[in-house]
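Each chain gets a letter, A, B and so on, in the order the sequences are listed, and its residues count up from 1.
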There are 2 protein chains.
Amino acid sequence: MNRVREFRKNRGLSQFTLAEKIGVARQTINLIENGKYNPSLKLCISLAEELGTDLNTLFWKVDDTQ
Amino acid sequence: MNRVREFRKNRGLSQFTLAEKIGVARQTINLIENGKYNPSLKLCISLAEELGTDLNTLFWKVDDTQ
DNA sequence: CTTTTTTGTCATATATAGTTGACATCATTT
DNA sequence: AAATGATGTCAACTATATATGACAAAAAAG
């Protein structure tokens with residue numbers, strides 16, 4: 001799906017804390033981590049910056065098998 | 001802003017043709033190319049795939065100076 | 001065990017992405 | 001010079017991303 005949860009946990013952030021830093025609601029982070037919707041590009045970029053990574057790493061052809 | 005127009009032209013596609021292939025309206029492509037809004041992640045991924053590239057190349061920290 | 005934090009989820013509301021149809025302008029083609 | 005194709009833009013509409021408030025359950029901390 002995507003690697004947001006993995007990167008968030010590596011940084012020791014809760015969904016709430018990450019949401020606050022980025023300026024969205026906690027539910028928005030939760031839904032994205034669970035692949036329940038389709039975030040905007042701006043939000044994806046904010047996430048990548050806050051998590052110290054980039055768009056491809058977080059969202060490009062994530063291998064979910066195994 | 002982003003490199004959609006550049007990649008589209010390199011492939012010899014019109015906004016209309018690209019829109020058709022991806023399944024969105026022509027206006028949507030036009031607005032994205034002109035940075036007038038914030039596309040969804042799914043659309044960004046469709047664009048990257050159709051243009052034979054990836055998210056970072058199209059949308060990540062595009063250098064617009066010069 | 002009790003308390004607090006974190007996560008998942010629901011329902012309602014609002015902002016905005018994306019659609020549709022239309023028209024003007026510019027560039028190509030005939 | 002007329003016809004065609006590409007692009008920019010507008011207005012009105014629909015779909016959906018995101019917000020807000022709330023509650024339950026799991027996990028972590030005391």
Side-chain angles (χ1 to χ4, degrees):
Chain A
M1 196 63 65
N2 68 61
R3 299 176 66 190
V4 173
R5 173 164 290 156
E6 173 188 346
F7 274 75
R8 175 178 60 78
K9 291 210 159 172
N10 281 347
R11 302 219 146 199
L13 301 171
S14 69
Q15 292 179 349
F16 180 79
T17 309
L18 177 56
E20 255 187 339
K21 284 173 176 266
I22 290 183
V24 296
R26 178 182 67 84
Q27 286 86 335
T28 299
I29 302 293
N30 186 41
L31 290 167
I32 291 169
E33 286 189 355
N34 290 307
K36 299 210 174 146
Y37 69 42
N38 188 15
S40 70
L41 177 59
K42 276 187 188 168
L43 178 44
C44 293
I45 290 175
S46 297
L47 279 167
E49 287 174 347
E50 188 63 45
L51 296 175
T53 181
D54 57 73
L55 291 173
N56 281 356
T57 305
L58 281 186
F59 300 108
W60 187 248
K61 292 178 175 165
V62 178
D63 188 359
D64 239 3
T65 55
Q66 87 227 6
Chain B
M1 194 65 63
N2 68 61
R3 299 177 68 188
V4 174
R5 173 164 292 155
E6 173 189 346
F7 275 75
R8 175 178 59 80
K9 291 210 159 173
N10 281 346
R11 302 219 147 201
L13 301 171
S14 70
Q15 292 179 349
F16 179 79
T17 309
L18 177 57
E20 254 187 339
K21 283 174 177 266
I22 290 183
V24 295
R26 178 182 66 85
Q27 287 86 333
T28 300
I29 301 294
N30 186 39
L31 289 167
I32 292 169
E33 286 189 356
N34 290 306
K36 298 210 172 146
Y37 68 44
N38 188 16
S40 71
L41 177 59
K42 276 187 189 168
L43 178 43
C44 293
I45 290 174
S46 298
L47 279 167
E49 286 175 346
E50 187 62 45
L51 295 175
T53 181
D54 57 72
L55 291 172
N56 281 356
T57 304
L58 281 186
F59 300 107
W60 187 249
K61 291 179 177 167
V62 178
D63 188 358
D64 240 0
T65 55
Q66 85 231 5

Distance col, row A:N34:CG vs A:I29:CD1, nearest 0.5 angstrom, shows 11.5 Å
Output the distance between atom CD1 (B:I22) and atom OG1 (B:T28), rounded to the nearest 0.5 Å.
10.0 Å
Hey, where on DNA chain C does chain B first and last touch, going 5' to 3'? Cut-off is any atom under 4.0 Å from a heavy atom.
C:dA17 to C:dA22
Minimum heavy-atom distance B:R5-B:Q15, with the two atoms named
NH2-NE2, 3.6 Å
Between A:Y37 (OH) and D:dA15 (C1'), how many Å, whole number?
14 Å
Rounded to whole Å, how long is the line connecting atom CG of A:L43 with atom C1' of D:dT16?
14 Å
Set out, in order, the CA-CA distance, both residues' side-chain angles and the distance that settles side chain to side chain contact (heavy atoms under 4.5 Å, CB included) for A:K36 and A:Q27, then state yes or no.
CA-CA 11 Å; A:K36 299 210 174 146; A:Q27 286 86 335; over 6 Å; no
Shortest non-hydrogen contact from A:I32 toward A:N2:
O-ND2, 2.9 Å
In numerical order, the residues of residues 21-32 of chain A whose heavy atoms come under 4.0 Å of DNA chain D are A:G23, A:V24, A:A25, A:R26, A:Q27, A:T28
When rounded to whole Å, the CG to P distance for the pair A:N38 and D:dT18 reads 8 Å
Between B:E20 and B:R26, is the side chain to side chain contact (heavy atoms under 4.5 Å, CB included) condition met? List the steps.
CA-CA 8 Å; B:E20 254 187 339; B:R26 178 182 66 85; over 6 Å; no
Among residues 6-15 of chain B, which residues get a heavy atom nearer than 4.0 Å to DNA chain D?
B:R8, B:S14, B:Q15
Rounding to 0.5 Å, atoms CG (A:N38) and CG (A:L31) come to a distance of 12.0 Å
Minimum heavy-atom separation for B:L18 and B:V4, please, with both atom names.
CD2-CG1, 4.5 Å
For B:F16 and for A:K36, find the nucleotide of DNA chain D with the closest heavy atom, then tell me which residue's nucleotide is more 5'.
B:F16
Rounded to the nearest Å, what distance is computed from the NZ atom of residue A:K42 to the P atom of nucleotide D:dA19?
13 Å
Starting from the 5' end of DNA chain C, give me the residue, B:S40 or A:R5, whose nearest nucleotide shows up first.
A:R5
Within this structure, what is the CD-to-P distance between A:E20 and D:dA19, rounded to whole angstrom?
13 Å
A:L43, A:F16: one ILVMFWY side-chain cluster at the under-4.5 Å cut-off?
no
For a quick test of reading the model, state the closest non-hydrogen atom pair linking B:K21 to B:L13 and the distance between them.
CE-CD2, 3.9 Å
To the closest 0.5 Å, what do you measure between CH2 (A:W60) and CG (B:N56)?
9.5 Å
